[in-house]
Amino acid sequence: MNKKSKYLYEFTDEFLRSLFLKTEKVFLNEPLPDQFDLGLRTLLGISLPVTLSEFTGIDFSGNNGRSIYYLQDEYTCSYILLPHLTDEDPMVLIGPYVMEVPEIRDIRKIYRSRHISNDQIMSLLQYYGSLPCISDEGILYSYIEVLVHFIQGDKTDIRKHSITAQESEVDLVKSQNNAVRMQNLEKKYQIEAIMMERIASGDEAGARKALDRIHRFAFDVRSSDTIRSMQYYLAVMNTLCRKAAERGNVHPYFLDEISRQMSVRILKTYDPKALDHLEDEMITEYCSLTRQYNVRGHSRTVRDAVNYINASLDRQELSLAMVAKEMNISKSYLSARFSEEMHMTMTDYIVGKRIENAQKLLKNTNLPIQDIASLSGYDDPAYFTRLFRKKTGITPGIYRRNNTGKTEKQ
């Protein structure tokens, strides 16, 4: 492989990594990596195809390995197989990914002949939820085709196939190993359900205790690259935590930002210790989010009011009248319902949340206090400072110094 092609393939690997797409170097008649499908066939207790040539639908005869294959297997998982440049070079297998995450009814259709249990359905639901979802393959296909044509010219053709692994016998030892694995997976998912419930209630200690139990099972090896395996594991954990917080009735508005930030940080972190720390931070952040925005047990009216307030803290005009108008209900009814369920007036709630927001900004940003005041709904920094001191006992500047060691610039 010449330098130009090498750099292009390295760039492509990084590009695919940004989409959470796994790549493997493979040869047609050499053994596939054990986890080429991220463990799906092992989860189902069936034998793995040993080589690419065991998949029906892949045929390089007469083409000398110059085809791009867009593949979809019988489990709706998609792959892209890039050709090798020379007979000595490997091909590149990209995937698996899905174009749409299946729902439970779709999973039942896919696996109808296998008579899978409800426990397996939940495992499969989590499996598909952890795969990259490429809803529009057009841009990805265009990039791949331009890449290969740029390197190989007009020698390349495009082939789309559905692939099925040829049936093979599963020996007794493998069946026994799969049975043990299935039992461990069922136990692992039960513990994950406990962890998610703890996060949904904001119980950080309980969530960490459940997470420690999950670690006893270890995480699935998603590739031969340990760092990449940890990244895939944390991407799944991020999804679980987000869904758990959503169960705690945290509005998607607040979940979207933390989930996106975590995804970016996972992708950009390559140090094992930093990845371990990121997992701890993930539990803390989602539990904190749930405690802060949890409105479980409250009426729909109060939940909607709380979500609207928390999304509008920077608006100076935020008030009972504004919220009632937005919700198209009377001020008196909203005031009475809010006070009854939240055990405080809406005005006190708004002020408290604005001060909490200011505290977070003071600890985690270098923004000037006047900007933090504005982002907390107060255009008058002097009034904000008086209010902050009334609620916390200290000024914003002292609060920042106590929590960060930084002194406010004059």
Side-chain angles (χ1 to χ4, degrees), residues 17-22 35 37-40 42-43 96-98 101 119 121-133 181 184-248 250 252 254-294:
R17 187 196 296 263
S18 73
L19 299 175
F20 295 99
L21 288 170
K22 181 174 71 72
Q35 293 287 323
D37 62 352
L38 299 184
L40 175 60
T42 305
L43 173 64
Y97 63 92
V98 290
V101 179
D119 286 340
I121 286 177
M122 296 309 297
S123 298
L124 289 165
L125 196 62
Q126 290 195 2
Y127 169 81
Y128 283 111
S130 71
L131 293 182
C133 183
R181 177 178 169 80
N184 285 339
L185 281 171
E186 288 175 5
K187 184 67 174 175
K188 175 172 173 258
Y189 288 128
Q190 290 171 5
I191 300 171
E192 281 182 356
I194 295 173
M195 181 192 73
M196 292 175 72
E197 182 57 32
R198 298 293 182 268
I199 294 173
S201 62
D203 178 7
E204 185 175 341
R208 290 189 182 282
K209 188 174 181 180
L211 183 62
D212 287 341
R213 294 178 64 193
I214 291 172
H215 285 165
R216 295 174 194 171
F217 293 93
F219 56 83
D220 294 331
V221 179
R222 296 299 171 97
S223 75
S224 58
D225 183 342
T226 302
I227 297 298
R228 188 170 296 182
S229 296
M230 293 179 72
Q231 288 175 324
Y232 276 112
Y233 163 75
L234 288 178
V236 174
M237 184 62 66
N238 189 31
T239 299
L240 291 178
C241 290
R242 179 178 57 77
K243 289 184 177 295
E246 190 173 7
R247 287 183 190 175
V250 177
F254 308 108
L255 291 173
D256 182 69
E257 182 65 16
I258 184 175
S259 177
R260 184 188 62 78
Q261 288 179 357
M262 283 294 177
S263 295
V264 171
R265 292 178 64 188
I266 291 167
L267 187 64
K268 292 184 175 181
T269 303
Y270 296 96
D271 178 69
K273 290 183 179 180
L275 286 169
D276 283 339
H277 178 73
L278 193 56
E279 182 183 39
D280 289 336
E281 190 176 336
M282 195 180 296
I283 295 294
T284 298
E285 289 290 330
Y286 278 102
C287 285
S288 175
L289 195 71
T290 304
R291 289 194 301 271
Q292 185 175 2
Y293 297 115
N294 190 347

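Computed from a prediction, not measured in an experiment: that's the story for all the values here. Numbering of residues begins at 1 and proceeds along the displayed sequence. As a basis for the values below, the full set of heavy atoms in this structure was taken, side chains included, without hydrogen atoms, waters or symmetry mates.
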Between [X] and [Y], is any pair of side-chain heavy atoms under 4.5 Å apart?
| X | Y | result |
| --- | --- | --- |
| Glu281 | Arg265 | yes |
| Lys209 | Ile194 | no |
| Met262 | Arg242 | no |

Taking all atoms of both residues into account, what is the closest heavy-atom pair of [X] and [Y], and its distance?
| X | Y | answer |
| --- | --- | --- |
| Tyr286 | Cys241 | CD1-CB, 3.3 Å |
| Arg291 | Gly202 | NH1-O, 2.9 Å |
| Ala244 | Met196 | CB-O, 3.3 Å |
| Phe20 | Ser263 | CZ-O, 3.8 Å |
| Pro132 | Pro96 | CD-O, 3.6 Å |

**Item:** For Ile266, all residues meeting side-chain contact (heavy atoms from CB on, under 4.5 Å), sequence neighbours excluded
**Value:**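 In terms of side-chain contact (heavy atoms from CB on, under 4.5 Å), with neighbours along the sequence ignored, Ile266 is linked to Gln231, Leu234, Asn238, Leu278, Met282.
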If I take atom [atom1] from residue [X] and atom [atom2] from residue [Y], how far apart are they, to the nearest 0.5 angstrom?
| X | Y | atom1 | atom2 | result |
| --- | --- | --- | --- | --- |
| Ile258 | Gln261 | CD1 | CD | 7.5 Å |
| Leu275 | Asp280 | CG | CG | 11.5 Å |
| Met237 | Thr239 | CE | OG1 | 10.0 Å |
| Thr269 | Asp276 | OG1 | CG | 11.5 Å |
| Glu192 | Ile199 | CD | CD1 | 10.0 Å |

**Asked** With sequence neighbours excluded, what pairs up with Arg260 under the side-chain hydrogen bond (donor to acceptor under 3.5 Å, both in side chains) test?
**Response** Glu257
**Message:** Restricting to side-chain hydrogen bond (donor to acceptor under 3.5 Å, both in side chains), what partner residues turn up for Glu204, sequence neighbours left out?
**Reply:** Arg208, Thr284
